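Input: a single structure, listed below in structure tokens.
This structure is a prediction, so every number in the text was calculated from the model and none was measured. When reading the values below, keep in mind they use all heavy atoms of this one structure, side chains included, and skip hydrogens, waters and symmetry mates.
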Amino acid sequence: AARYALIVDTRKCTGCGACKHACQIRNELEEGTSYIHILTQGDPSKPTFVPVQCQHCANPPCAKACPARATYRDESGVVLIKENKCVGCKYCEVACPYHARIFDEERGVADKCGLCLDYVVQGKNPACVDACVMGARLFGRLDDPASEVARLIASGAAVPFHPEFGTEPAVVHYIFQGA
């Protein structure tokens, strides 16, 4: 199975929210709702924008907290949800240190980014990647050593967000200022 990587270059991100909007449209979420939230960090006169979404952790605390085993990590490394198993307890929402889960009251499911996996297996990019006009989002195969994402991660230029959480973010990596 393929292993995927999504890199967000915070040096290019302007915080415009195009990724959030594309996510909302693609996933048919309510207006103003997205699986992506943007943190603003640093000097207010020249802020750094950090779009945060499910990190698709190798050690996902959301899956460990799920009493119904509705949240799982598939062979590609993407953390997914079996909606028919979700009991709506929101334990996963509380367990996620990235605040990447949102509860859909209508469906009774604690939902999250699925990396647009249905698009990806067709050879397309996740919606947030195609929507980023600044080119701050780069997607590719981690298991292809020649891919740009694999080279950036191997070089140490792209790193996981909050590795101190011990979740081992596996799919999403960031390039921060000064890299």
Side-chain angles (χ1 to χ4, degrees), residues 3-27 29-44 46-66 71 73 76-81 90-104 109-117 119-120 125-140 142 149 152-153 156-179:
R3 287 186 48 232
Y4 302 106
L6 171 64
I7 295 175
V8 178
D9 188 340
T10 65
R11 301 169 305 175
K12 294 179 180 179
C13 181
T14 62
C16 72
C19 58
K20 286 178 60 171
H21 189 67
C23 176
Q24 181 251 320
I25 291 170
R26 163 65 177 93
N27 292 292
L29 301 171
E30 290 181 24
E31 189 67 35
T33 304
S34 179
Y35 299 139
I36 302 169
H37 60 277
I38 301 175
L39 302 177
T40 304
Q41 298 180 333
D43 180 354
K46 190 177 179 194
T48 298
F49 300 99
V50 182
V52 181
Q53 63 198 72
C54 178
Q55 304 290 295
H56 301 284
C57 305
N59 185 22
C62 59
K64 289 178 182 173
C66 181
T71 299
R73 188 167 184 255
S76 68
V78 177
V79 177
L80 299 170
I81 302 163
K90 303 181 187 178
Y91 288 177
C92 59
E93 193 174 346
V94 173
C96 178
Y98 305 100
H99 308 286
R101 304 296 286 250
I102 60 172
F103 191 73
D104 183 323
V109 174
D111 220 343
K112 58 176 273 319
C113 165
L115 201 67
C116 295
L117 199 54
Y119 279 12
V120 169
N125 285 325
C128 61
V129 173
D130 286 342
C132 183
V133 295
M134 299 307 292
R137 289 175 168 261
L138 179 65
F139 182 77
L142 190 56
V149 292
L152 285 167
I153 292 168
V159 297
F161 190 48
H162 288 299
E164 69 274 14
F165 290 168
T167 61
E168 301 175 40
V171 174
V172 182
H173 291 72
Y174 294 83
I175 298 175
F176 292 103
Q177 302 292 337

Taking all atoms of both residues into account, what is the closest heavy-atom pair of [X] and [Y], and its distance?
X: Cys113; Y: Leu115; answer: SG-N, 3.1 Å
X: Ile175; Y: Ala157; answer: CG1-O, 3.5 Å
X: Gly135; Y: Lys12; answer: O-CD, 3.5 Å
X: Lys112; Y: Val79; answer: NZ-O, 2.5 Å
X: Ala100; Y: Gln53; answer: CB-C, 3.7 Å
X: Ala22; Y: Ala127; answer: CB-O, 3.7 Å

Would you find a donor on one side and an acceptor on the other, under 3.5 Å apart, between the side chain of [X] and the backbone of [Y]?
X: Asn27; Y: Leu29; result: no
X: Arg3; Y: Leu142; result: no
X: Tyr35; Y: Ile102; result: no
X: Arg73; Y: Cys57; result: yes

Report yes if some heavy atom in the side chain of [X] is under 4.5 Å from a heavy atom in the side chain of [Y]; otherwise report no.
X: Val50; Y: Cys13; answer: no
X: Thr71; Y: Arg101; answer: yes
X: Val149; Y: Tyr4; answer: no
X: Asp104; Y: Glu30; answer: no
X: Cys16; Y: Met134; answer: no
X: Thr40; Y: Phe49; answer: yes

Out of curiosity, [X] [atom1] to [Y] [atom2], how far, rounded to the nearest 0.5 Å?
X: Ile7; Y: Phe139; atom1: CD1; atom2: CZ; value: 11.0 Å
X: Ile36; Y: Lys20; atom1: CD1; atom2: NZ; value: 8.5 Å
X: Thr48; Y: Asp43; atom1: OG1; atom2: CG; value: 9.0 Å
X: His56; Y: Cys62; atom1: NE2; atom2: SG; value: 9.5 Å
X: Cys66; Y: Ile81; atom1: SG; atom2: CD1; value: 9.0 Å

Discussion item. Is it true that, when you exclude His37 itself, more than 12 heavy atoms of the residues, nucleotides or ligands shown sit nearer than 6.0 Å to its NE2?
Written reply: yes
Worksheet entry | Qualifying residues under side chain to side chain donor-acceptor pair (under 3.5 Å), relative to Ser76, sequence neighbours excluded | Asp74
Let me check something: any side-chain donor-acceptor pairs from residues 161-173 under 3.5 Å, sequence neighbours excluded? List them with distances.
from: His162; atom 1: ND1; to: Glu164; atom 2: OE2; distance (Å): 2.6
from: Thr167; atom 1: OG1; to: Tyr98; atom 2: OH; distance (Å): 2.7
from: His173; atom 1: ND1; to: Val171; atom 2: O; distance (Å): 3.4

Worksheet item: Yes or no on side-chain contact (heavy atoms from CB on, under 4.5 Å) for Leu6 and Val129, after CA distance, side-chain angles and deciding distance?
Response: CA-CA 8 Å; Leu6 171 64; Val129 173; 3.4 Å; yes
